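Predicted model, so just to flag it, every value in this text is computed and none were measured. Chain identifiers are assigned alphabetically (A, B, ...) following the order of the sequence lines, protein sequences preceding nucleic acid strands; residue numbering begins at 1 within each chain.
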Amino acid sequence: MTEGNNDKKVTDRLLHGLNPQQAEAVRHDQGPLLILAGAGSGKTRVITHRVAWLVRVLDVRPSAILAITFTNKAASEMKSRIEDLIGSVSQYMWIGTFHAMMMRILRRYADRIGYDRSFAIIDSDDQQKVVKSCLADLNLDEKTFAVKAVHGQISAAKNALIDVGAYERQAGSDFFRSRVAQVYRCYQAKLKKNNSMDFDDILVEAVRLLESQPDVLAEYQERFQYVLVDEYQDTNHAQYRLVRLLSERHGNLCVVGDDDQSIYSFRGANIQNILDFEKDFKRCKVIKLEQNYRSTGNVLKAANAVIRHNQGRKKKSLWTQSDDGEKITFLRAEDQNEEGRYIAREIERQVSRLSRKTYRDFAVLYRLNALSRSVEQALREQGIPYRIYGGTRFYDRKEIKDILAYLRLVVMPDDNLSLERVINVPRRGIGSATTDMLAALAERDGVSQMAVCQNAARYPELQRAASRLTAFASLISQLGAGLDSGGKTLDQYLDWMENETGLIQELLDQQQRIVSGDALDRIENLKELLSDAVEFENQVQRLAAPDETLPPEERALVPANLRETVRAFLERAALYTEMDQDKDQDDVVRLLTIHSAKGLEFDTVFIVGAEEGLFPGYRSMGSQIEFEEERRLAYVAMTRARRKLHITATRSRLLFGQTQRYVVSPFVREIPDEHVDEIGGSREGERSMPWSETSQSLPGRPPIPAARSPLADAAAYMAPKPAQKAASVHFSVGDKVEHPKFGIGRILMAEPVAGDAILQVEFKGVGTKRMLAKMAGLTRLGG
DNA sequence: ACCACGGTTTTTTTT
DNA sequence: AAACCGTGGT
Ligand SMILES: Nc1ncnc2c1ncn2[C@@H]1O[C@H](COP(=O)(O)OP(=O)(O)OP(=O)(O)O)[C@@H](O)[C@H]1O
């Protein structure tokens with residue numbers, strides 16, 4: 001098949017908006033291809049167009065294409081761009097993260113390597129718990145063997161594809177490592193017994209599956225004629241192995257990346273993967289892209305000047321056609337409050353001006369999540385809508401994890417980890433003595449803990465606790481019945497469950513006793529999960545629509561009933577972050593770490609906390625390797641800006657409970673003077689300038705906190721907030737109501753919460769109760 | 001079994 | 001500063 005056979009219009013369209021090097025990369029046909037290029041040079045665009053080209057011009061079957069992205073968000077963007085280019089046949093392609101793609105394979109074949117195909121993915125929280133219980137089993141002291149450190153070792157080993165046996169051999173008689181090896185062994189055994197994998201296992205077990213099952217390997221090797229990997233500089237060894245395996249048959253592997261943007265070594269990413277690609281894949285073609293389309297001159301030249309200080313990188317000469325644009329503004333602020341106020345004021349100024357900027361044009365980037373606090377506060381005071389990404393994922397909040405654990409328990413009753421999580425949440429009088437016994441009995445009889453609960457009466461050891469355990473087991477089966485009884489949507493089911501389990505009631509009680517100030521937030525989060533479920537079901541329905549021409553193999557993965565929808569929902573909760581579901585059109589300022597900003601771009605970027613010790617972090621300052629990774633991080637941060645870059649540093653900062661004095665980050669000092677305007681002091685040394693000189697260019701003393709605007713309040717929400725169904729709750733204080741259980745009562749208080757309302761109702765002869773209006777089953781009595 | 005208290009520890013970055 | 005852990009009283 002040659003290009004000549006095809007309509008010139010099609011080829012023109014697919015090459016439109018590409019420079020000659022990009023076009024060359026797109027048109028490349030057989031054999032390995034490395035696209036090595038600096039920031040903003042259109043690498044991602046090349047992958048997208050190349051995929052379209054393969055299908056439209058080279059007549060490659062869409063299902064023969066595997067495209068790996070770094071985040072789920074990047075995957076959905078790529079999907080929709082490709083769909084724009086070639087239409088809905090793009091549905092047949094595999095586009096996603098390594099983890100998401102390997103899950104597809106594992107869901108089909110995990111039984112070949114000793115898992116049930118419905119295995120669960122455990123999150124880092126559960127990972128820690130398992131490590132802890134292994135440490136306890138092995139009588140290892142958590143002081144000497146810090147849970148995080150041990151888990152870090154295990155995770156690193158997995159990323160490097162070192163299995164338990166190999167780790168044991170390597171550890172030899174080394175005191176620490178040999179014990180870690182024991183924990184590693186125990187940890188894997190426990191996961192397997194619980195039919196679970198952790199995040200790393202998704203890759204490791206996929207490798208093991210492919211390497212041990214020749215027919216499975218052959219199937220996918222045959223299938224994937226073309227494999228493309230974006231952000232290749234941040235792949236780890238397991239991912240490298242997967243790429244090799246999957247592309248081996250056809251040899252059409254295209255990887256795209258920038259060694260200067262390798263910033264995930266803490267997660268096992270190996271920059272050598274991209275540096276050695278030419279050696280690794282013989283007859284490899286290398287294309288460099290050198291024109292930057294993203295940033296204005298000053299931004300780009302400054303970033304180039306900084307990254308040039310790194311040793312052992314592949315030299316690139318990035319240039320741009322666009323003019324120099326505005327200089328970078330560097331602010332030396334007195335402290336974090338002034339830094340925050342500067343940002344808030346600057347954003348407000350740009351938005352209210354005629355510069356036609358909107359909030360979504362701005363992003364604030366930082367090295368540590370902890371730095372978001374002060375910025376957040378300043379934005380809130382100015383009434384600027386914003387959203388924070390990172391930190392604790394929405395799905396990782398305690399209350400969300402609790403309800404998800406119930407959900408998992410309903411579809412997989414044998415999941416001991418989930419059972420342990422919720423058996424006493426809310427309080428059911430099942431304490432550690434009972435749970436320990438429960439675990440021991442399950443272990444002894446080789447059954448799941450749920451099975452023991454179901455037959456608790458038959459275990460004399462359980463004594464009086466037996467009835468509580470049976471009650472718990474019947475709660476779960478009752479929840480299961482609700483799942484299969486039909487007629488419910490996912491969000492309705494979740495809503496029902498949140499009440500049935502007593503989780504909501506517990507939070508209501510907590511709120512009443514003012515024990516926990518965030519009980520209300522938690523209720524809101526639980527309600528937010530319902531919105532999330534609505535959105536998820538909509539997506540599922542779109543996929544399941546009869547006009548979607550999915551291949552049978554893929555269609556089998558689309559949930560056909562509520563039970564399957566629940567499984568899919570759980571899987572998404574394990575794999576997705578709020579960033580992945582981000583609606584770009586939401587008009588809010590974005591606050592995120594530099595790591596999570598990789599691959600994104602914004603009109604105006606603020607980099608905060610540019611102080612030595614923070615950025616670069618003091619830990620990295622002893623090692624050249626780590627110091628250079630910090631510099632790459634600076635490079636990534638700077639190159640996110642399209643038009644304007646602000647960098648701020650404080651003289652002293654309150655962080656982690658102490659105020660410390662800081663000097664300006666060396667990376668800032670590496671920017672040539674001609675690209676920078678300084679405010680508030682020099683980037684050099686500590687010649688502390690008299691503050692009064694510049695103070696008029698900055699906001700005055702802290703303003704009296706502005707009334708919190710509703711806009712800001714809504715935006716302070718971490719997760720996207722789709723329109724909630726209009727609450728069908730019109731109760732107001734003083735209404736007379738009837739409750740199915742408590743009888744007649746009067747409403748003392750009504751407080752709106754996330755599309756619902758918390759009611760405080762006084763019932764005759766029963767007392768005061770708190771309940772959520774929608775689920776309470778109240779009827780208003782005509783007065 | 002649960003809760004309150006006090007002392008200790010934490011802090012990179014995340015698919 | 002805030003989150004976490006273990007302890008001892010109820
Ligand atoms: N040939 C082109 N003409 C005009 N604009 C382009 C061209 N190629 C890419 N761009 C634009 O340049 C910007 C950066 O592109 P892209 O995100 O693909 O770069 P990248 O190399 O993946 O960047 P990074 O490595 O920094 O994530 C995008 O806004 C894209 O639309």
Side-chain angles (χ1 to χ4, degrees), chain A residues 68-75 96-103 121 123-124 127-128 132 142-143 146-149 152 155 158-159 197-204 230-231 234-236 238-239 242 262-269 336 365-374 389-393 395-396 398 423-436 464-465 468 510 513 515-518 572 574-580 592-599 609 613-621 626 629-630 632-634 636-637 653-660:
Chain A
I68 304 284
T69 60
F70 194 68
T71 62
N72 294 300
K73 183 180 184 220
T97 62
F98 275 103
H99 291 88
M101 298 301 95
M102 294 311 110
M103 278 305 291
I121 304 164
D123 53 65
S124 57
Q127 290 175 39
Q128 312 247 326
K132 262 191 190 170
E142 279 187 34
K143 287 263 152 34
V147 175
K148 281 183 117 176
S155 178
K158 287 183 177 182
N159 285 322
M197 294 191 196
D198 66 19
F199 242 87
D200 304 316
D201 286 331
I202 295 174
L203 304 178
V204 174
D230 200 0
E231 307 279 12
D234 275 321
T235 49
N236 62 35
Q239 292 167 330
L242 286 168
S262 173
I263 55 175
Y264 277 92
S265 67
F266 70 91
R267 207 169 77 186
Q336 74 281 354
L365 308 185
Y366 34 80
R367 175 70 240 265
L368 287 75
N369 281 308
L371 294 187
S372 70
R373 288 269 166 233
S374 49
Y389 298 86
T392 343
R393 272 183 349 142
Y395 296 118
D396 283 341
K398 181 187 178 301
I423 193 164
N424 200 31
V425 179
R427 305 266 114 90
R428 295 192 177 91
I430 301 172
S432 58
T434 307
T435 51
D436 287 351
R464 277 164 300 136
R468 299 196 187 116
Q510 273 180 25
R513 298 196 318 256
V515 173
S516 133
D518 50 23
R572 191 182 72 141
L575 260 25
Y576 272 60
T577 67
E578 37 266 80
M579 178 84 77
D580 295 324
L592 60 174
T593 63
I594 298 166
H595 281 93
S596 44
K598 187 167 80 152
L614 287 183
F615 188 17
Y618 67 91
R619 291 154 211 271
S620 61
M621 296 181 33
E626 287 180 42
E629 179 148 326
E630 296 283 307
R632 291 196 290 272
L633 209 44
V636 169
R653 180 183 295 277
L654 172 65
L655 193 68
F656 305 140
Q658 0 181 41
T659 303
Q660 262 202 48

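Residues forming a ring pair (Phe, Tyr, Trp, His ring centres under 6.0 Å) with A:H595 (at least two apart in sequence, or on another chain): A:Y264, A:F266. Shown here are the ring pair (Phe, Tyr, Trp, His ring centres under 6.0 Å) partners of A:Y576, two or more places apart in sequence or in another chain: there are none. Remark: A:Y366 pairs with no residue by the ring pair (Phe, Tyr, Trp, His ring centres under 6.0 Å) rule, at least two apart or across chains. The side chain to side chain donor-acceptor pair (under 3.5 Å) search around A:T577 returns A:D580, not counting sequence neighbours. Every residue was checked against the ring pair (Phe, Tyr, Trp, His ring centres under 6.0 Å) condition with A:Y395, not counting sequence neighbours, and none meets it. Taking A:R572 as the reference, A:D532 meet the salt bridge (Lys or Arg N to Asp or Glu O under 4.0 Å) condition, with sequence neighbours excluded. Residues meeting the side chain to side chain contact (heavy atoms under 4.5 Å, CB included) test with A:V147, sequence neighbours left out: A:Q128, A:V131, A:K132, A:L135, A:E142.
At the heavy-atom level, A:A100 lies nowhere under 4.0 Å from the strands shown. Across all strands shown, A:N424 has heavy atoms under 4.0 Å from sugar-phosphate atoms exclusively, and none from any base. Residue-level contact check: A:T434 touches the backbone only, with heavy atoms under 4.0 Å from sugar-phosphate atoms and none from bases.
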B/S/- along nucleotides 10-15 of chain B (protein heavy atoms under 4.0 Å) is -BBBBB

Using a 4.0 Å cut-off on protein heavy atoms (strictly under), produce a 5'-to-3' string for nucleotides 2-10 of chain C with B for base contact, S for backbone-only sugar-phosphate contact, and - for none.
---S-----

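A:D123 has no carboxylate O lying under 4.0 Å from a charged side-chain N of A:R393, or vice versa, which leaves the two without a salt bridge.
B:dT13 and C:dC4 have their P atoms separated by 15 Å, with the value rounded to a whole Å. Comparing C:dG6 with B:dT11, their P atoms are spaced 16 Å from each other, to the whole Å.
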